[in-house]
Protein chains: 2
Amino acid sequence: MAAPVRRGRSAEGRAEVRGDLVRAALALFTEHGYDETTVDDIAAAAGVGRRTFFRYFRGKEDAVSPDHETCLARVDAVFAAAHETEPLAPLVLRAADPVFDLYLDSPAEASARFALTRNVAALRDREAASVDTYRRLFGRRLRERLADRPDGELAAAVTAAAVVAAHNMALRSWLVDGARPEARDTCRATFRRVETMLPVAPSVAADDLAVIATRLERAAARLERTAPPG
Amino acid sequence: MAAPVRRGRSAEGRAEVRGDLVRAALALFTEHGYDETTVDDIAAAAGVGRRTFFRYFRGKEDAVSPDHETCLARVDAVFAAAHETEPLAPLVLRAADPVFDLYLDSPAEASARFALTRNVAALRDREAASVDTYRRLFGRRLRERLADRPDGELAAAVTAAAVVAAHNMALRSWLVDGARPEARDTCRATFRRVETMLPVAPSVAADDLAVIATRLERAAARLERTAPPG
DNA sequence: TGATTGGTGGCACTGCGTGCCGTTACGATT
DNA sequence: AATCGTAACGGCACGCAGTGCCACCAATCA
């Protein structure tokens, strides 16, 4: 009998333990179900004590998508590094890159996570709460940039929700399509199609468009009066 | 010592017990904090056994906003009763009425819930998950009605998220404004301002508007050439 | 080599949520 | 009005999540 190996003492050791725990959790959740798998099971499968599991993850649910906070910080960094006056459409597109990368870097695990969050109620709620933190982040950053507009707060809240929904829709279609690693640009392509739907359109805002339309309608009315059709 | 009163045997008794539990939970959470309040505390404050609490609510979190499922069903009923070809903007406005009513019927409790969901992480996550069920419901119903459009699924997903965000923004501004009961229409008024931001504008989409504008511009240009002002 | 630091495993504890069971009130039936 | 069936009740016990505590061990440094 070899003595039990303690692996977590170095930085590489900690990364190894963490990876083992994530893989064990995903495998056990997928195979035996989320509710039927205990934290003891996960820890034992990873060759580690139960108490150690909670030193790597806040709880059982966090083992499924453990890189949420890191990714959130990267998204925020994109906004922080961007110029104040940069157009919003390309910025919100670029801000989502860390999320896309997180999924695209490990398609197999992404698919497993996707299946779990679809089928397990507790993980679906967790996912919704996680997505909501991205929505709030986009909302904060857009509010800064739309502060001078009329109804800027409203536009920021609506746009943030719309953008996050578009991102998730893109990721979702990529996942149900088999999560092929070579389709790295599919997400971005899908997202670009939504740009015209957003309140903050690339070049002209909806408000401006409405004003233009009103003025042109009046011009048309004058046209009808001065030059009747025939 | 009077013998303990058993109140839950009739329909009115059950409603009374339920109300007592909700009020006790809100009061204790607000006064002593969510984590510091146990289910035993809530049950004892409502004069009921601990086991009974779990017969009225799925868990500790559900006691804060217990009418979520009923409200969700009412929203769905609005969609089910609506005509297939009804314009979307007034429909999504009307579909939110049950939510508005739920808040407006008890402003004091709504404010207490709002403060709790802002300050307690567990309840904020719960709220996000709850809001997400509304988003999915709107998404399903909009997908039915946008199926024939190009990118209909995308438009449905984006619009659903935008509409729900607008609703929540309206409710939020009503709540931070003091939750005055007479401001029943403030929510709807706030929401109407967002209509022009939505992909599915009241009568004409932004794309169509641009096409119309182009055509009218050409007509106006012709008018300028043929009949100069004077 | 000895002391410090930091991660680990085990133990015990609180609290949530559930299954089970005996008890009790209410309402229906006759 | 007495009785029976239903259903909600209280209480107990249990499993599991998550946390505080402590002894232990490996790596680093004096």
Side-chain angles (χ1 to χ4, degrees), chain A residues 1-22 24-25 28-29 32-66 69 116 120-123 125-126 129, chain B residues 1-22 24-25 28-29 32-66 69 116 120-123 125-126 129:
Chain A
M1 292 291 271
V5 185
R6 313 295 181 83
R7 299 169 298 165
R9 306 312 172 105
S10 64
E12 317 86 59
R14 279 190 66 82
E16 183 187 330
V17 169
R18 183 183 165 90
D20 286 351
L21 282 169
V22 170
L28 289 172
F29 290 164
H32 302 111
Y34 178 79
D35 293 323
E36 288 71 26
T37 303
T38 70
V39 173
D40 289 272
D41 297 335
I42 303 169
V48 102
R50 164 187 156 78
R51 192 66 184 82
T52 297
F53 175 90
F54 290 104
R55 290 196 177 93
Y56 284 87
F57 306 106
R58 249 192 291 272
K60 191 178 165 186
E61 297 169 347
D62 286 20
V64 174
S65 33
E69 293 189 10
L116 284 171
V120 181
L123 296 178
D125 288 357
R126 188 78 180 172
Chain B
M1 293 289 273
V5 185
R6 313 295 184 79
R7 299 168 299 164
R9 306 311 173 106
S10 65
E12 316 87 59
R14 278 188 66 82
E16 182 187 330
V17 169
R18 184 183 165 90
D20 287 351
L21 282 169
V22 171
L28 289 172
F29 290 164
H32 302 111
Y34 178 79
D35 293 323
E36 288 72 26
T37 304
T38 70
V39 174
D40 290 270
D41 297 335
I42 303 169
V48 101
R50 164 189 155 78
R51 191 66 183 81
T52 298
F53 174 90
F54 290 105
R55 290 195 176 93
Y56 283 86
F57 306 105
R58 250 192 290 273
K60 190 179 167 185
E61 297 169 347
D62 286 20
V64 174
S65 34
E69 293 189 10
L116 283 171
V120 181
L123 296 179
D125 287 358
R126 188 77 178 173

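Chain identifiers are assigned alphabetically (A, B, ...) following the order of the sequence lines, protein sequences preceding nucleic acid strands; residue numbering begins at 1 within each chain.
Annotation: cation-pi geometry satisfied between A/R14 and A/Y56 (NZ/CZ under 6.0 angstrom from ring centroid, within 45° of ring axis).
Here D/dG18 presents its C1' atom at 15 Å from CD of B/E36, a figure rounded to the nearest Å. Here D/dG18 presents its P atom at 13 Å from OH of B/Y34, a figure rounded to the nearest Å. Rounded to whole angstrom, the span from the CD atom of B/E16 across to the C1' atom of D/dA8 amounts to 15 Å. Atom CZ of B/R50 is separated from atom P of D/dA13 by 14 Å (rounded to the nearest Å). Here C/dG15 presents its P atom at 12 Å from CZ of B/F54, a figure rounded to the nearest Å. Atoms CG (B/D40) and P (C/dC13) sit 18 Å apart, rounded to a whole Å. Distance, A/F53 CZ to C/dG9 P: 13 Å, rounded to whole Å. Taking atom CG of B/D62 as the reference point, atom P of C/dC16 lies 14 Å away to the nearest angstrom.
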Go through the steps for B/I42 and B/L21 under the test side-chain contact (heavy atoms from CB on, under 4.5 Å), then give the verdict.
-> CA-CA 7 Å; B/I42 303 169; B/L21 282 169; 4.2 Å; yes
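Evaluation of atom-type donor-acceptor distances gives no pair under 3.5 Å for the side chain of B/R51 against the base of C/dG17.
Heavy-atom distances to DNA chain D give each of A/R55 and A/T38 a nearest nucleotide, and the one nearer the 5′ end belongs to A/T38.
No side-chain donor-acceptor contact under 3.5 Å links A/D125 to the backbone of A/A122.
When distances are taken from the side chain of A/R14 to each of C/dC16, D/dG18, C/dT8, the shortest belongs to C/dT8.
The neighbour count for A/E16 CD, taken as heavy atoms of other residues, nucleotides or ligands under 6.0 Å away, is above 12.
Taking only side-chain nitrogens and oxygens, B/Y56 never comes nearer than 4.0 Å to OP1 or OP2 of C/dG17.
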